[in-house]
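Quick note: numbers below take in every heavy atom, side chains included, and nothing from hydrogens, waters or symmetry partners. Keep in mind the model is a prediction, meaning the values are calculated, not measured.
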Amino acid sequence: MHSSLSLILNCNGCVCLISKSRFTREAAKVMISVSVEGSPGPVRTLVKLSCNVEEVIKMVVEKYGKEGRTPKLDRDLTFELHQSHFSIQCLEKTEVIGEIGSRSFYMRKREPENRITVRRSLPSSSNLIESFIAQKIGRIVRRTRKIWNMLVCAQ
């Protein structure tokens, strides 16, 4: 709370000195709990309701490091925040925490966008026939062994 003095000229032409109180209101803070992928317990931190998801992720990574938790988080990695462990869709980095309505979150490493995907090519028709025949012969051999073992054990 700050107080300031104001000079006001009233209707009689008299100058009056009036004390005026001015309140500065800070943004409300809330305690949030963020479970980090691979960590045994959640990180609890105070954040302003006006903070966005990106700021919250930075604060959680800093606090995680200060607390000396394991596994160590690489600060170069990017992370994503989810509303829960079971939520598939991550929160947008620009979303404001106060508007989300939750105080518990789940943070995990973001999958790289430029991931190399390995696709298996379909085998050629000759390989397909050969593998089919090999599977059938393998099945016949296994069944023959079972029958043989049952005949030998029965004697």
Side-chain angles (χ1 to χ4, degrees), residues 1-4 20-155:
M1 181 165 110
H2 301 285
S3 62
S4 64
K20 191 180 193 181
S21 293
R22 192 176 52 164
F23 292 94
T24 58
R25 186 172 183 176
E26 289 186 26
K29 291 185 176 183
V30 292
M31 176 73 71
I32 63 167
S33 176
V34 180
S35 297
V36 179
E37 182 178 42
S39 182
V43 175
R44 290 181 180 85
T45 186
L46 275 176
V47 297
K48 292 181 181 179
L49 286 174
S50 60
C51 284
N52 63 27
V53 170
E54 188 172 17
E55 293 169 338
V56 170
I57 290 173
K58 287 178 185 174
M59 291 187 333
V60 169
V61 170
E62 285 177 21
K63 186 162 185 183
Y64 187 94
K66 285 179 185 175
E67 291 178 357
R69 293 179 177 237
T70 55
K72 300 287 184 200
L73 297 179
D74 187 3
R75 291 181 188 264
D76 295 334
L77 293 176
T78 55
F79 296 93
E80 51 189 29
L81 201 64
H82 296 260
Q83 279 191 305
S84 76
H85 180 73
F86 304 104
S87 176
I88 295 172
Q89 187 175 8
C90 66
L91 299 170
E92 293 293 323
K93 299 247 182 194
T94 56
E95 284 187 76
V96 177
I97 291 296
E99 295 174 0
I100 294 173
S102 178
R103 300 295 174 256
S104 295
F105 301 96
Y106 178 72
M107 188 175 81
R108 67 182 208 83
K109 296 176 205 169
R110 173 170 286 205
E111 294 295 323
E113 302 277 332
N114 57 357
R115 221 176 25 182
I116 298 172
T117 56
V118 178
R119 293 185 181 181
R120 292 180 60 186
S121 60
L122 293 174
S124 65
S125 60
S126 64
N127 289 341
L128 190 60
I129 293 170
E130 290 172 2
S131 65
F132 176 76
I133 293 171
Q135 286 177 352
K136 293 298 179 185
I137 291 173
R139 185 178 292 163
I140 292 169
V141 169
R142 283 191 303 273
R143 288 183 180 168
T144 306
R145 277 191 199 144
K146 284 183 182 179
I147 293 171
W148 179 256
N149 286 336
M150 287 187 332
L151 290 174
V152 171
C153 291
Q155 291 180 350

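- Closest approach of Gln89 and Ser87 over heavy atoms only: O-OG, 3.1 Å.
- Considering only heavy atoms from C-beta on, Val47 comes within 4.5 Å of Val30 through its side chain.
- When every heavy atom of Pro40 is checked against every heavy atom of Thr70, the shortest pair comes out as CD-O, 4.1 Å.
- Nearest approach of Pro71 to Gly38, heavy atoms of both residues: CD-O, 3.4 Å.
- Each of Phe79, Phe105, Tyr64 was checked for a side chain to side chain contact (heavy atoms under 4.5 Å, CB included) with Val34, and the lone residue meeting it is Phe105.
- Heavy atoms of other residues, nucleotides or ligands lying less than 6.0 angstrom from NZ of Lys93 number more than 12.
- Between the OG1 atom in Thr45 and the CE atom in Met31 there is a gap of 7.0 Å [rounded to 0.5 Å].
- Heavy atoms of other residues, nucleotides or ligands lying less than 6.0 angstrom from CD of Glu67 number more than 12.
- The CD atom of Gln83 lies 11.0 Å from the CZ atom of Arg103; values are rounded to the nearest 0.5 Å.
- Proximity of Glu55 to Ile97: side-chain heavy atoms (C-beta onward) are nowhere separated by under 4.5 Å.
- Between Ile147 atom CD1 and Met150 atom CE the span is 6.0 Å, to the nearest 0.5 Å.
- Distance CD1/Ile100 to CD1/Ile32: 9.0 Å, rounded to 0.5 Å.
- Minimum interatomic distance between Gly41 and Arg69 (heavy atoms only, all atoms of both residues): O-NH1, 2.7 Å.
- Using a 30° and 60° split on the angle between ring planes, His82 and Tyr106 fall in the tilted class, from 30° to 60°.
- Of the inter-residue distances, the one linking Glu95 atom CD with Asn52 atom CG reads 10.0 Å to the nearest 0.5 angstrom.
- In this structure, the separation between NZ on Lys109 and CG on Leu73 is 7.5 Å, given to the nearest 0.5 Å.
- Heavy-atom neighbours of Glu62 CD from other residues, nucleotides or ligands within 6.0 Å: above the threshold of 12.
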